[in-house]
Protein chains: 2
Amino acid sequence: MARRATVYDVAQRAGVSIATVSFAFTRPEKVKPETIRTVMVAADELGYVPSANARGLARGRTGAIGLYAYDYVLDPPADEHAAEGYERSARLFPLYADEVQRGVQLECRSRGLALMIGGNRTPAHLPHVIEVAGRVDALIAFAGALSVPHLEQAAARMPVVELGGEVRVAGAHTVLVDNRQGMADLTAHLVRVHRYERFAYLGELGTPEFRARREGFESTLEEAGVPVPPVLPAHPGDDATTSASVAALLREGPLPQVLVCDTDQAAVVAIDALRRAGLSVPGDVAVTGFDGIIAGRLLQPILTTVRQPMAAIGRAAVRLLADALDGAEQPTTNEDLVATFSAGGTCGCD
Amino acid sequence: MARRATVYDVAQRAGVSIATVSFAFTRPEKVKPETIRTVMVAADELGYVPSANARGLARGRTGAIGLYAYDYVLDPPADEHAAEGYERSARLFPLYADEVQRGVQLECRSRGLALMIGGNRTPAHLPHVIEVAGRVDALIAFAGALSVPHLEQAAARMPVVELGGEVRVAGAHTVLVDNRQGMADLTAHLVRVHRYERFAYLGELGTPEFRARREGFESTLEEAGVPVPPVLPAHPGDDATTSASVAALLREGPLPQVLVCDTDQAAVVAIDALRRAGLSVPGDVAVTGFDGIIAGRLLQPILTTVRQPMAAIGRAAVRLLADALDGAEQPTTNEDLVATFSAGGTCGCD
DNA sequence: CGCCCTAGGTTATGCGCTTAGATTCTGCGG
DNA sequence: CCGCAGAATCTAAGCGCATAACCTAGGGCG
């Protein structure tokens with residue numbers, strides 16, 4: 001592979017100094033048009049591509065932002081494309097994080113920012129964070145993808161926005177969606193329209209967002225005077241746990257009228273498990289989710305859920321960072337992103 | 001924002017030279033265990049994050065690879081999340097390129113490579129390519145996303161793999177799927193099972209992959225002694241053209257029995273247009289696509305298509321590059337990736 | 001005619017890290 | 001107690017670019 005041409009090569013060929021080459025590219029107003037042309041021709045002939053590394057080093061910033069996602073699915077099952085696998089492949093992609101990432105990508109592109117993708121399997125895996133953090137000017141992280149200390153460490157040195165995190169993390173920005181209200185709306189629908197009284201709840205309380213969902217659920221039931229069920233464990237990306245919870249539910253009876261899941265991923269798995277057990281959804285048990293991922297729309301009937309504005313979340317994050325990068329401000333929380341109740345068929349509506 | 005700690009800071013705090021700090025991180029075997037510990041403690045206290053820029057500059061490589069995609073959808077309609085928009089949002093994501101990208105991401109991650117995302121709207125837009133190329137050790141590009149000269153320029157300086165390109169580009173690797181056979185299988189199904197004789201074809205011939213599809217189509221019809229229709233223009237990402245072609249078809253009659261589209265995106269748009277015109281699909285006209293994107297599965301009935309192993313394509317590309325990066329070899333073409341005919345309901349099957 | 005200003009360039013330095021090669025330690029045999 | 005071979009560490013030289021600070025040649029003006 002040929003050595004990459006550098007400013008020196010271009011300068012020599014164009015018969016100018018390297019400073020002039022540099023200016024020709026970055027400060028055209030400081031260079032005579034004719035000289036610029038000479039330089040450009042030389043650069044072109046040499047196939048010159050400026051080294052972003054050198055540039056970043058000299059300028060002190062890279063022009064790239066990083067996205068750090070929690071990896072629910074690092075290595076999908078090998079049969080992903082096999083006949084059976086194909087039918088289910090939409091359960092692996094696109095998920096919540098993927099749709100948010102798309103928003104990030106779109107916004108980055110329209111702003112001319114490069115995007116660096118990183119991620120890990122388990123929180124608190126340091127090396128990878130560093131890998132990403134060292135390359136970028138700013139960082140977007142999903143709540144739970146990075147430990148709080150790591151986030152704070154990063155936030156001390158560059159703008160960081162946490163998606164759905166608590167505002168607690170020192171120095172980090174946050175993009176928040178009102179999960180609580182969304183879940184409250186959904187629950188209200190189940191109570192008022194369907195008159196359900198025996199609920200089950202599948203989910204977790206590991207991140208602020210999940211806790212907010214649970215709160216919306218609890219408060220609505222309490223107001224309605226309906227008994228609040230406990231949290232049965234379910235984690236997106238850990239289907240085994242979800243299935244086990246459903247199995248326990250079936251075993252221990254009596255069956256609830258409706259199973260409220262705190263993610264679509266869990267809901268999809270739960271519906272599978274219920275149907276495998278010979279039950280009809282929503283005939284015997286209604287099921288609801290949260291997020292609005294595509295997998296829910298591929299179900300028959302369509303999953304009742306709360307839709308998050310995923311792409312908008314990603315875009316908002318980039319906007320926050322871009323603002324922080326030029327007009328260094330205080331950490332901001334965004335607003336006005338709402339989660340919308342979306343009635344499908346799995347709640348019993350037709 | 002605090003100045004980032006550097007090797008100098010760490011060295012000073014640990015009471016060693018910067019070389020030792022560097023070695024402690026990258027060549028532990030050359031440093032006394034105790035010293036390593038001292039260094040690590042100091043680094044930790046300072047929140048030291050090595051600058052990938054400086055590292056890349058010094059080492060001559062960055063450890064990142066770039067993905068350069070053709071952007072079908074840079075700015076999706078503003079109503080994307082509105083009620084109407086939501087129903088159709090899966091038509092914008094995930095598309096072919098998105099699913100390939102996912103494969104790239106997965107493979108990069110499992111190999112510890114950083115991934116840099118770039119892209120552009122129109123081919124031949126130089127600055128953006130450079131932006132990406134300057135940051136990475138190797139590049140993946142979709143056929144048609146970069147002009148051949150640019151590709152060659154890049155390929156002269158770093159490993160490049162073109163997805164679905166012709167092997168012609170000097171020095172570039174290629175990942176190829178047998179599009180021809182896939183389309184031939186689909187066409188054979190239409191001819192043998194459904195006995196269709198009046199075909200229409202919607203698509204383009206802009207890239208080798210599209211041409212291969214057309215060839216598979218033509219040759220199968222010819223063998224069967226069925227008249228080969230012309231190519232009516234349709235471009236993924238340009239719904240207007242596709243709709244216009246369908247309108248022309250309706251206007252000029254007689255209606256074909258089946259409309260073969262060379263992408264799922266075009267097929268989805270065509271089905272919309274036909275139904276808006278009061279026609280039933282597949283009742284009045286059958287329609288088929290190519291790719292196997294999720295949007296096709298959300299249709300009623302499900303779109304008949306040819307499924308590409310999209311994630312596998314992405315993974316193969318990364319593998320090729322990773323190989324090229326350590327054992328510099330000759331440009332390779334991958335193999336063994338097949339496109340599979342997938343009968344849905346839009347061809348007339350039930 | 002001399003002075004100052006400006007446009008257009010150039011020189012020189014440093015960004016934070018890697019890495020040959022030089023230097024200092026350390027332990028051990030003689 | 002000395003000399004010496006590793007082992008451990010340090011010194012110093014870049015990597016390719018941006019940019020502050022500095023030159024130089026004209027041109028306008030009093």
How long is the line joining CZ of A/Arg59 and C1' of C/dC15, in whole Å? 13 Å
With distance as the sole test, does A/Thr20 use its side chain to make a donor-acceptor pair with the main-chain N or O of A/Val16 at under 3.5 Å? no
Where chain A begins and ends its contact with DNA chain D, read 5' to 3' at 4.0 Å from heavy atoms: D/dG16 to D/dT19
Just the rounded figure in Å: distance from C1' of C/dT18 to CG of A/Leu57. 12 Å
Classify the nucleic acid contact of B/Val31 as base, sugar-phosphate or nothing, counting any heavy atom under 4.0 Å across all strands shown. sugar-phosphate
Starting from C1' on C/dG14, measure out to CG on B/Asn53 and report it in whole angstrom. 15 Å
Atom CD of A/Glu29 and atom P of C/dG9: how far apart are they, to the nearest Å? 13 Å
Answer with base, sugar-phosphate or nothing: what part of the nucleic acid does B/Val16 contact at a heavy-atom distance below 4.0 Å? sugar-phosphate
Any side-chain to backbone donor/acceptor pair from B/Asp323 onto B/Leu320? Under 3.5 Å, distance only. no
Integer-rounded Å distance: C/dG9 P and A/Phe25 CZ: 15 Å
Proximity to the side chain of A/Ser17 - top-ranked nucleotide from C/dT11, C/dG16, C/dT19: C/dT11
For a quick check of understanding: with a heavy-atom distance under 4.0 Å over all strands, which category does B/Ser22 fall into, base, sugar-phosphate or nothing? base
With heavy atoms under 4.0 Å as the rule, sort B/Arg27 into base, sugar-phosphate or nothing. sugar-phosphate
Which whole-number value in Å describes the distance from B/Arg61 CZ to C/dC17 C1'? 13 Å
For the side chain of B/Thr6, starting at C-beta, report the closest nucleotide among C/dA20, C/dC17, C/dT10. C/dC17
Is the distance between the ring centroids of A/Tyr8 and A/Tyr48 under 6.0 Å? no
I'd like to know if the side chain of B/Asp137 and the backbone of B/Thr62 have a donor-acceptor N/O pair within less than 3.5 Å. yes
d(NZ, B/Lys32; P, C/dC25) in whole Å: 12 Å
Can you name the ring pair (Phe, Tyr, Trp, His ring centres under 6.0 Å) partners of A/Phe142, sequence neighbours left out? none
Start at the 5' end of DNA chain D and walk down; is the nucleotide closest to A/Arg4 or to A/Thr20 reached first? A/Arg4
What is the separation between atom CG on A/Asp137 and atom C1' on C/dG16, rounded to the nearest whole Å? 15 Å
When every non-hydrogen atom of B/Pro28 is compared with those of B/Ile36, the smallest separation belongs to O-CD1, 3.5 Å
Kindly say whether B/Val31 contributes a backbone atom to a donor-acceptor pair with the side chain of B/Thr35 at under 3.5 angstrom? no
